[in-house]
Structure formats: C-alpha cells, structure tokens
Amino acid sequence: MDLGLTPVQAVACCSPLSREPLSEELAEQVSLVLKALGDPVRLRLMSLVASHEGGEACVCDLNDAFDLSQPTISHHLKVLHEVGLLEREKRGVWVYYRARIEALGNLASMIGGTAK
C-alpha cells in the first residue's frame, strides 16, 4: 500500500512512537530518513549544513571536512535531498544546500515524544 507520502512527510504525520505503533507502510517511509542519517558521512554533512553560517552551505564549503572526492560528497548530499532533509539550489556552477530544520524537529518529536 502506497501512502503517497515522501519520507519526510511520513515522519511529519507520525505520532510519537510511545503513543501508538507505526503501520508497516509508515515504518518503511520513516526508515528511509533514518537510513539516510545512519551513514556517518551523511550525518556529519547534515550537521555541517544545518550549523553553517547563514543556514546554507555550498558543496565547495563541505569538501575540506572530508577525505572524500567531491562527487562522493555530492552523492551523499543527493541522498539527504531525496529523502527531504535538505533543500538545494543551483547557483552558477555550484549547488547550495539548506537543512530542512522542521523535518529534523519532526523526526525528533516522533522518536522522543511522549504519550499523551
């Protein structure tokens, strides 16, 4: 059964885990967000973008933090974008990324929320 939700939308509509169990379909969608963040490089990239001055970062700003090629960094950023954790905007030859802070907040609420 396809709920027609992106992974980030699925997280936003979920009640805290302590309130009610996830359906199989929601669990599948939410797991995509958790898998994206489950990679240490992607988790660091998310942190670097979210905490970067001005709230956005260019790929060129992120390369020096890793001993990885620029195409590898771009691949990891693409994964974070595809699940809805990052927005991106192309400016000239560079792509700028901005963290979707509300998506991170929704994830935190879903995992750490308390039952009412």
Which value, rounded to the nearest 0.5 Å, describes the distance between Leu48 atom CG and Leu62 atom CG?
6.0 Å
Is Ser51 reaching over with its side chain to a backbone N or O of Ser47, donor-acceptor style, under 3.5 angstrom?
yes
Can you hop from Val79 to Val59 via hydrophobic side chains spaced under 4.5 Å?
no
Atom pair NE2 (His75) and CZ (Arg42), whose distance is rounded to the nearest 0.5 Å
6.0 Å
Thr72 meets the side-chain contact (heavy atoms from CB on, under 4.5 Å) criterion, sequence neighbours left out, with Leu68, Ser69, His76
Test side chain to side chain contact (heavy atoms under 4.5 Å, CB included) applied to Leu86 and Glu56, Met46, Arg98, the passing residue:
Met46
Report the distance from atom CZ of Arg88 to atom OH of Tyr97, rounding to the nearest 0.5 Å.
5.0 Å
Gly84 and Ala103: which non-hydrogen atoms are nearest, and at how many Å?
O-CB, 4.2 Å
Gap between atom CD of Glu102 and atom CG of Leu85 - 0.5 Å precision:
9.5 Å
Set out, in order, the CA-CA distance, both residues' side-chain angles and the distance that settles side chain to side chain contact (heavy atoms under 4.5 Å, CB included) for Leu80 and Leu37, then state yes or no.
CA-CA 8 Å; Leu80 292 167; Leu37 290 173; 4.1 Å; yes
Could you name each residue pair satisfying salt bridge (charged side-chain N to carboxylate O under 4.0 Å, His left out) that touches residues 59-85, not counting sequence neighbours?
Lys78-Glu82
Which pair of heavy atoms, one from Ala27 and one from Leu22, lies closest together, and at what distance?
CA-CD1, 4.0 Å
Can you tell me how far CG of Leu107 sits from CZ of Arg100, rounded to the nearest 0.5 angstrom?
12.5 Å
Say you draw a straight line from CD of Gln29 to CG of Leu34; how long is it, rounded to the nearest 0.5 Å?
12.0 Å
Hits for side chain to side chain donor-acceptor pair (under 3.5 Å) against Arg44, two or more places apart or cross-chain, chain-then-number order -> none
For the backbone of Glu28 and the side chain of Ser31, can you confirm whether one donor and one acceptor N or O come within less than 3.5 Å of each other?
yes
